[in-house]
A.B. asks: 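Handing you this structure, nothing more for now.
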Amino acid sequence: MGKRFQAVKGTRDLLPPDTAVWAAVEATARRVFGLYGFGEIRTPMFEDTELFTRGVGESSDIVGKEMYSFEDKGGRRMTLRPESTAAVVRAYVEHGMHALPQPVKLFYIGPQFRYERPQKGRYRQFHQIGAERIGGGTTAGGRVQADVEVVLMLWRFLRDLGFEDLVVQMNTVGDAESRQRYRTALVAYFEPLADQLSEDSRRRLATNPLRILDSKSSAEQALIEKAPKLAEHLSEASRAHFRAVCDELQKAQVRTEVSDRLVRGLDYYTNSVFEIVSAGLGAQNAICGGGAYEGLVEELGGHPTYGVGFAIGEDRLLDVLPAASRAAMMPPGPFVVRVLGDAPDLALASFSLAEELRSAGFGVVDLGDETPAKTYAHAEVHRSPAILVLGGDELQQGTVTVRTTADRAQRAVERSQLVPYLKLLLSSFSVVSPEVKS
Ligand code: HAM
């Protein structure tokens with residue numbers, strides 16, 4: 001016997017019929033993002049390691065602990081992308097997109113890689129649906145509009161997927177000037193308490209003290225509770241921006257909540273940051289994270305440019321997708337053809353029946369003389385509207401026995417009536433493919 005393999009720890013196979021729901025969620029993203037003028041970008045799965053160390057930031061957990069980095073055969077340091085914002089900004093600069101009408105609006109759908117401890121909702125290869133709005137925002141009003149538009153688009157997408165009980169957690173991490181002031185205040189507060197901090201937090205005290213606020217350690221919560229608040233150190237411009245963004249979102253009836261502990265784990269953010277969490281997810285409860293980044297384009301070799309975006313964890317989104325949406329997104333599966341008996345002419349007849357139906361636009365799976373139990377189970381799992389049975393009798397009489405999955409009723413249908421009959425059956429399903437509907 002050969003050696004058996006399993007998918008690598010933290011990775012998994014996505015299989016039919018679930019993949020149909022993934023595809024439908026992605027189609028919804030394409031449609032909704034298209035309403036806002038976002039076009040799809042596909043960047044490579046790996047990039048120069050330095051893109052992420054510079055872009056995401058040395059002090060982030062992603063760069064510090066979680067990157068899949070390797071040296072290629074030419075001795076270059078490469079990294080499987082742990083996120084896509086840095087890559088999209090790299091592409092914006094590389095292709096001189098600042099010369100296009102601004103803002104440039106790009107979305108992406110695809111796998112990302114982080115070496116994290118796998119658990120429910122946390123994978124080493126996971127999938128994101130993300131969007132970046134880069135450029136524009138040259139006035140205070142334009143920057144408010146940029147942030148609001150991105151959150152509105154995200155909200156519309158989630159509403160279209162059937163989510164009703166979500167809340168967008170909003171915070172501001174301030175502009176560069178506010179952050180510098182706040183950083184000094186945090187260091188002054190935490191330094192005398194360093195011996196009560198975890199090793200991680202002590203490291204952050206030196207690299208990025210804001211991230212201490214993100215600590216999940218229960219021992220540190222009391223200290224964090226009493227720490228100075230960023231709100232007290234915000235510049236007037238940052239304060240006004242945040243107030244305006246929250247006001248506009250409220251007017252647009254997006255359910256938001258200010259969460260002053262939200263700092264996000266990536267170093268590029270300035271001003272608005274946001275996250276959406278779902279109670280249904282357990283410890284890994286963030287479905288989506290995002291925010292504005294005013295320095296990233298410049299950091300990666302471009303002109304100073306405003307950027308704002310988000311990424312949704314698709315794996316987690318699918319875990320909490322409302323059941324009704326899931327059912328509605330599962331298209332009817334192919335009809336199943338089954339033969340009774342093993343006469344060679346039956347196999348050929350079922351083959352030509354399947355081809356005839358495919359020519360008429362129907363999906364068909366030919367299960368041959370598979371057992372009734374497995375055939376029925378297949379039809380149910382794959383949402384096949386009916387099983388079509390061909391046996392000696394049917395051949396002789398020029399009929400097909402149609403057993404509908406919904407009520408398990410059987411009836412003999414004349415071959416000449418089969419196509420209209422199946423069209424009718426399909427039209428009573430919730431989702432009908434456009435080719436067949438017409
Ligand atoms: P992030 O918060 O690191 O942000 O990731 C966004 C989302 O990806 C998370 O909310 C979560 O749903 C999902 N995610 C992250 N790690 C994992 C994992 N190991 N397993 C499953 N899902 C995961 C970013 O990546 C930023 N690039 C977002 C952004 C875009 N900000 C501005 N533009």
Side-chain angles (χ1 to χ4, degrees), residues 9-12 14 25 33 38 41 43 47 51-52 55-57 60-68 80-92 103-134 146-147 149-151 153-154 158 163 166 168-171 173 211 214 262-278 280-297 300 305-321:
K9 186 174 175 190
T11 72
R12 60 191 179 139
L14 304 172
V25 165
F33 297 176
F38 280 69
I41 180 168
T43 62
E47 302 266 357
L51 173 68
F52 300 114
V56 178
S60 66
D61 282 350
I62 295 180
V63 170
K65 308 191 214 169
E66 298 167 1
M67 293 207 299
Y68 274 95
L80 296 185
R81 62 182 188 202
E83 63 107 49
S84 285
T85 309
V88 171
V89 169
R90 193 251 323 125
Y92 175 89
V104 172
K105 297 170 162 187
L106 299 165
F107 76 87
Y108 48 88
I109 299 176
Q112 320 286 330
F113 307 86
R114 295 184 194 175
Y115 192 82
E116 293 188 86
R117 200 166 46 76
Q119 64 182 82
K120 184 175 181 304
R122 189 157 76 190
Y123 305 95
R124 289 181 173 170
Q125 174 173 335
F126 60 99
H127 304 81
Q128 283 186 342
I129 298 178
E132 311 295 345
R133 184 191 194 278
I134 307 174
D147 294 9
E149 183 182 71
V150 160
V151 177
M153 178 170 91
L154 170 65
L158 294 170
F163 287 98
L166 296 176
V168 186
Q169 312 277 344
M170 301 284 307
N171 195 20
V173 293
R211 291 292 320 284
D214 220 12
L262 176 67
V263 292
R264 309 270 305 128
L266 301 90
D267 292 355
Y268 46 64
Y269 292 112
T270 51
N271 285 312
S272 304
V273 290
F274 51 88
E275 234 168 58
I276 297 180
V277 298
S278 162
L281 276 173
Q284 299 304 315
N285 61 1
I287 299 183
C288 168
Y293 41 89
E294 282 154 278
L296 184 58
V297 179
L300 299 178
T305 307
Y306 194 78
V308 54
F310 62 79
I312 299 163
E314 198 177 357
D315 307 76
R316 295 183 192 174
L317 184 73
L318 269 282
D319 273 349
V320 289
L321 190 67

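Each ligand, and each atom within it, is numbered from 1 in the order the structure gives.
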A.B. asks: Are any of the heavy atoms in G290 under 4.0 Å away from ligand 1?
C.D. replies: yes
A.B. asks: Determine the minimum heavy-atom distance between Y123 and G10, stating which atoms define it.
C.D. replies: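 Taking Y123 first and G10 second, the nearest heavy atoms are CB-O, 3.3 Å.
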A.B. asks: Tell me whether G121 reaches ligand 1 (any heavy atom closer than 4.0 angstrom to a ligand atom).
C.D. replies: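 Judged by the 4.0 Å heavy-atom criterion, G121 does count as contacting ligand 1.
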A.B. asks: Passes side chain to side chain donor-acceptor pair (under 3.5 Å), T85 versus E132? Steps please.
C.D. replies: CA-CA 7 Å; T85 309; E132 311 295 345; 2.9 Å; yes
A.B. asks: Under 4.0 Å, heavy-atom basis, I'd like to know which part of R122 is in contact with ligand 1: side chain, backbone, both or neither.
C.D. replies: both
A.B. asks: How about Y269 and Y293: are their ring centres within less than 6.0 Å of each other?
C.D. replies: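 Here the rings of Y293 and Y269 have centres that are no less than 6.0 Å from each other.
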A.B. asks: Looking only at heavy atoms of D315, does any of them come nearer than 4.0 Å to an atom of ligand 1?
C.D. replies: no
A.B. asks: Could you tell me whether L266 approaches ligand 1 through its side chain, its backbone, both or neither, with non-hydrogen atoms closer than 4.0 Å?
C.D. replies: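 Side chain only; the backbone of L266 stays clear of ligand 1.
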A.B. asks: Return the minimal non-hydrogen interatomic distance between F274 and R264, and the atom names on each side.
C.D. replies: O-CD, 3.8 Å
A.B. asks: Is the shortest distance from a heavy atom of R264 to ligand 1 less than 4.0 Å?
C.D. replies: yes
A.B. asks: Taking non-hydrogen atoms only, is Y268 closer than 4.0 angstrom to ligand 1 via side chain, backbone, both or neither?
C.D. replies: side chain
A.B. asks: Between E275 and ligand 1, which residue portion shows a heavy-atom distance shorter than 4.0 Å: side chain, backbone, both, or neither?
C.D. replies: neither
A.B. asks: Answer yes if the side chains of Y108 and T43 hold a donor-acceptor pair under 3.5 Å, and no otherwise.
C.D. replies: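 No - no donor-acceptor pair under 3.5 Å links their side chains.
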A.B. asks: Do we see a donor-acceptor contact under 3.5 Å between the side chains of S272 and D147?
C.D. replies: yes
